[in-house]
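Please read the structure below before turning to the comments.
Labels below follow one simple rule: chain letters A, B, ... track the order of the sequence lines, proteins then strands, and each chain is numbered from 1. Please read these numbers as outputs of a predicted model, since none were measured by experiment.
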There are 2 protein chains.
Amino acid sequence: MTTIRNIAKLAGVSVPTVSRVLNDQRVDPVMTLKVRQAAQSLDYVPNRSAKRLRGVGNPLLGAIFSDLSNQFFTEILKHFEWGVSVQKHSLLMSNSDSKPEKEEELIQVMLEEGVSGLVMAPTLEYSTKIQELIENDFPIVIVDRRMREMEVDTVTINNFEASAKAVCHLGNLGHSEVGYIGGPIHLSSANDRYLGFKEGVMKAGMYCDENWILFGDYKMESGYCLTEKLLSCKDLPSAILVANNEMVVGSLNKIHEEGLRIPHDISIISFDDFPWSISLNPPLTAIAQPTQEIGAKAASLLMDRLVDNTKPPQTLILESNLVVRESCGQGLVKINQKTKRRKI
Amino acid sequence: MTTIRNIAKLAGVSVPTVSRVLNDQRVDPVMTLKVRQAAQSLDYVPNRSAKRLRGVGNPLLGAIFSDLSNQFFTEILKHFEWGVSVQKHSLLMSNSDSKPEKEEELIQVMLEEGVSGLVMAPTLEYSTKIQELIENDFPIVIVDRRMREMEVDTVTINNFEASAKAVCHLGNLGHSEVGYIGGPIHLSSANDRYLGFKEGVMKAGMYCDENWILFGDYKMESGYCLTEKLLSCKDLPSAILVANNEMVVGSLNKIHEEGLRIPHDISIISFDDFPWSISLNPPLTAIAQPTQEIGAKAASLLMDRLVDNTKPPQTLILESNLVVRESCGQGLVKINQKTKRRKI
DNA sequence: TCCCCTACAGAAAACGTTATCTCAAAATGC
DNA sequence: GCATTTTGAGATAACGTTTTCTGTAGGGGA
């Protein structure tokens with residue numbers, strides 16, 4: 001490995017002079033040239049660890065997401081990376097696999113690596129580790145979820161409202177019985193979506209049997225299993241709201257496996273929208289979250305905080321967008337047979 | 001920030017003693033205790049930059065993928081991370097956005113960060129930067145694609161064979177005219193898939209008009225546009241093979257937009273398989289790549305090379321799996337109207 | 001001509017660690 | 001009981017940088 005010391009030797013100058021040349025500080029032109037040539041010929045690669053130790057050089061940022069195979073998060077991450085890369089930050093990413101203990105470990109690793117800021121989709125709505133970071137004024141931005149009892153920069157959508165809006169949409173289409181397949185209630189997003197669902201049901205005067213309300217873990221498998229459970233009810237709702245992209249895939253798969261037709265036999269509406277949602281059977285009506293904007297805002301929030309850490313934390317609530325396709329009956333009232341047999 | 005120097009002061013011992021305690025080396029129990037307590041009370045966070053500068057501590061690995069919003073890559077990445085995390089490596093990830101110049105820049109950044117190994121899905125089949133790394137015996141593993149003129153650890157599937165197999169499947173179903181929507185031919189995967197397609201067509205005695213062969217960039221948009229172009233042909237093939245997951249989404253969207261029915265009007269088979277492929281309209285017949293195995297093997301290949309860099313580079317060719325669903329006619333011969341009108 | 005200021009290169013210190021070296025004290029062998 | 005080995009803690013150097021300090025040469029003003 002070549003160091004500025006080697007360069008200095010080859011160029012016949014002192015070490016600090018090399019440093020000055022490489023940092024574009026004022027140095028005699030002839031020396032500058034010699035140093036540049038030496039650096040070139042030795043394939044010099046600057047050592048960021050050394051720079052970071054000195055407290056200079058490109059900052060390192062960290063991203064910890066609960067599920068890096070969930071396209072929703074990777075979209076956010078991609079735009080976050082775009083947002084911060086204009087400033088030449090390096091980005092350390094990791095996957096907490098929705099495990100709080102792994103998350104804590106990863107935070108520790110990132111701190112040891114010397115990140116100057118973090119963006120996270122945390123696994124729990126409270127974490128002493130994160131609380132500590134905040135108390136020590138460590139720059140951190142939370143996406144998708146809100147933390148409980150913590151003042152911290154946050155970028156999310158209004159999950160309550162979005163969920164209520166979805167139910168309202170079902171109501172407008174004539175649905176009067178609706179089920180809910182939700183995420184882990186200890187996450188604010190899951191909780192808000194559930195509360196919004198209840199609110200929507202109430203406002204629209206719809207009915208929801210308690211057996212139609214099921215909570216999973218935001219993963220596809222639980223979407224599948226919970227749908228199985230739901231479909232085993234004697235009476236079925238005419239429509240269900242599924243709380244995220246992964247679960248709705250499981251849910252759809254189960255519904256198709258059972259040979260039920262959407263929306264004829266059951267309607268479905270979900271959170272999160274992707275290009276392939278259009279080509280599902282049927283095209284899926286969904287609440288699209290602005291992943292691009294979430295990522296970009298998170299990046300700018302974090303970069304702002306890196307330069308000025310005195311501002312009070314902000315919570316940005318972005319607009320979600322109901323994308324109406326064909327999985328809820330295309331505006332027609334569809335009541336399936338089973339539901340008609342329902343007593344109340 | 002607290003350093004071992006602070007701890008030493010508080011515990012009333014020397015700096016090296018603190019280091020020894022924290023590295024579990026033999027130290028007087030009473031001192032050990034004092035050091036541990038001091039470290040605890042000062043919220044000590046080890047500094048990996050300093051360790052790395054000294055040449056010790058957990059190694060850092062780098063991952064550079066051409067598209068981090070492509071689920072195929074994130075699946076690989078996830079399993080790669082699992083594979084290496086058993087050894088407590090840190091992982092620096094980045095997205096080259098399929099841009100060679102960005103890729104080169106990212107490699108540079110990672111080298112500066114001091115990664116001890118790289119896993120990459122490169123943007124081109126040749127790169128002087130990568131060539132240099134290999135010549136300098138830098139540990140690197142390539143996934144999904146093969147590099148030209150380079151001896152380097154590689155994990156991929158047999159794209160040629162898989163593609164031929166797909167065409168053969170179409171032939172078995174009675175298709176005799178087939179189109180191809182491929183990726184950028186400068187990538188080995190895209191090239192192999194194309195060659196395999198041609199081979200398959202020839203072997204099965206099928207027909208492929210030259211207007212039915214279109215090349216894009218593996219992105220959804222080009223899948224959409226190329227399908228538009230294909231569908232504008234006077235005569236249509238009865239089936240098309242689409243070369244990756246992103247493009248097939250665009251392709252499906254376009255086909256649905258045109259109101260064509262799959263497989264009645266046109267059959268479609270693609271590379272890459274995801275949970276949501278089951279719920280597409282219709283369920284998509286696809287060549288599933290073993291993303292989990294690719295990631296895991298890449299991890300073990302890289303870790304092996306980290307400990308022993310003398311072994312000759314290996315190329316692992318993993319098995320792909322044809323998943324037959326309903327987008328190719330479920331075993332029935334389907335010839336659409338338009339095709340029937342074709343002259344030869 | 002002398003003095004002071006400026007410009008700029010080199011020397012030395014520092015960032016937070018760990019490894020090597022030194023040395024004293026304790027433990028062991030005779 | 002003395003010599004020798006072992007033990008283990010502290011001092012020092014080193015990793016690759018940058019920053020501060022030091023010193024020297026050259027230029028300008030009196």
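Between Ser189(B) and Tyr218(B), the side chains place a donor N or O and an acceptor N or O closer than 3.5 Å (distance only, hydrogens not considered). Looking only at atom types and distance, the side chain of Ser94(B) has a donor-acceptor partner in the side chain of Glu81(A) under 3.5 Å away. Remark: the Glu112(A) side chain and the Gln108(A) side chain contain an N/O donor-acceptor pair separated by less than 3.5 Å. With hydrogens and angles left out, the side-chain atoms of Glu75(B) and Gln71(B) include no donor and acceptor closer than 3.5 Å.
Side-chain proximity of Ile4(B) to dG16(C), dT18(C), dT17(D): nearest is dT18(C). Distances were taken from every side-chain heavy atom of Arg54(B) (C-beta onward) to each of dG16(C), dT17(D), dT12(D); the shortest belongs to dG16(C).
Spacing between atom CD of Glu112(A) and atom P of dT18(C) amounts to 11 Å, rounded to whole angstrom units. For the pair Met1(A) CE and dG16(D) P, the interatomic distance rounds to 5 Å; values are reported in whole Å. Whole-Å rounding puts the Asn47(B) CG to dG16(C) C1' distance at 6 Å. When rounded to the nearest whole Å, the span between CZ of Arg5(A) and C1' of dT18(D) equals 12 Å. Taking atom OH of residue Tyr44(B) and atom P of nucleotide dT17(C), one finds them 3 Å apart after rounding to whole Å. Counting to the nearest Å, the C1' atom of dG16(D) and the CD atom of Glu113(B) are 14 Å from each other. The distance between atom CG of Asn6(B) and atom P of dG16(C), rounded to the nearest whole Å, is 8 Å. For Met31(B) and dA25(C), the CE to C1' distance is 13 Å, given to the nearest whole Å.
Side-chain atoms of Arg26(A) stay outside donor-acceptor range of the base of dA7(C), with no qualifying N/O pair under 3.5 Å.
At a threshold of 4.0 angstrom between heavy atoms, the contacts of Arg20(A) include nucleobase atoms, whether or not backbone atoms are also involved. If you check every strand for non-hydrogen atoms under 4.0 Å, Val27(A) touches sugar and phosphate atoms only. Contacts of Thr3(A) with the nucleic acid, taken as non-hydrogen atoms under 4.0 Å apart, involve only primed sugar atoms and P, OP1 or OP2. Among the heavy atoms of the strands lying under 4.0 Å from Val15(A) is at least one base atom, whether or not backbone atoms are also near. The residue Val45(B) sits close only to the backbone: its heavy atoms come under 4.0 Å of sugar-phosphate atoms, none of a base.
Arg36(A) and Asp24(A) are joined by a salt bridge, as a carboxylate oxygen and a charged side-chain nitrogen come within less than 4.0 angstrom of each other.
Formation of a donor-acceptor pair under 3.5 Å by the Asp97(B) side chain with backbone atoms of Lys99(B) is not found in this model.
Mapping Ala50(B) and Pro16(B) onto DNA chain C by nearest heavy atom places Ala50(B) closer to the 5' end of the strand. Comparing Leu53(B) and Asp28(B) by the nucleotide of DNA chain D that holds the closest heavy atom to each, the one mapping nearer the 5' end is Asp28(B).
Taking 4.0 angstrom as the limit, Ser14(B) places none of its side-chain polar atoms (N or O) nearer than this to OP1 or OP2 of dA11(D). Regarding contacts with the backbone of dT18(C), a side-chain N or O of Lys51(B) is found under 4.0 angstrom from either OP1 or OP2. Between Thr17(A) and dG10(C) there is a side-chain polar atom (N or O) within less than 4.0 angstrom of OP1 or OP2.
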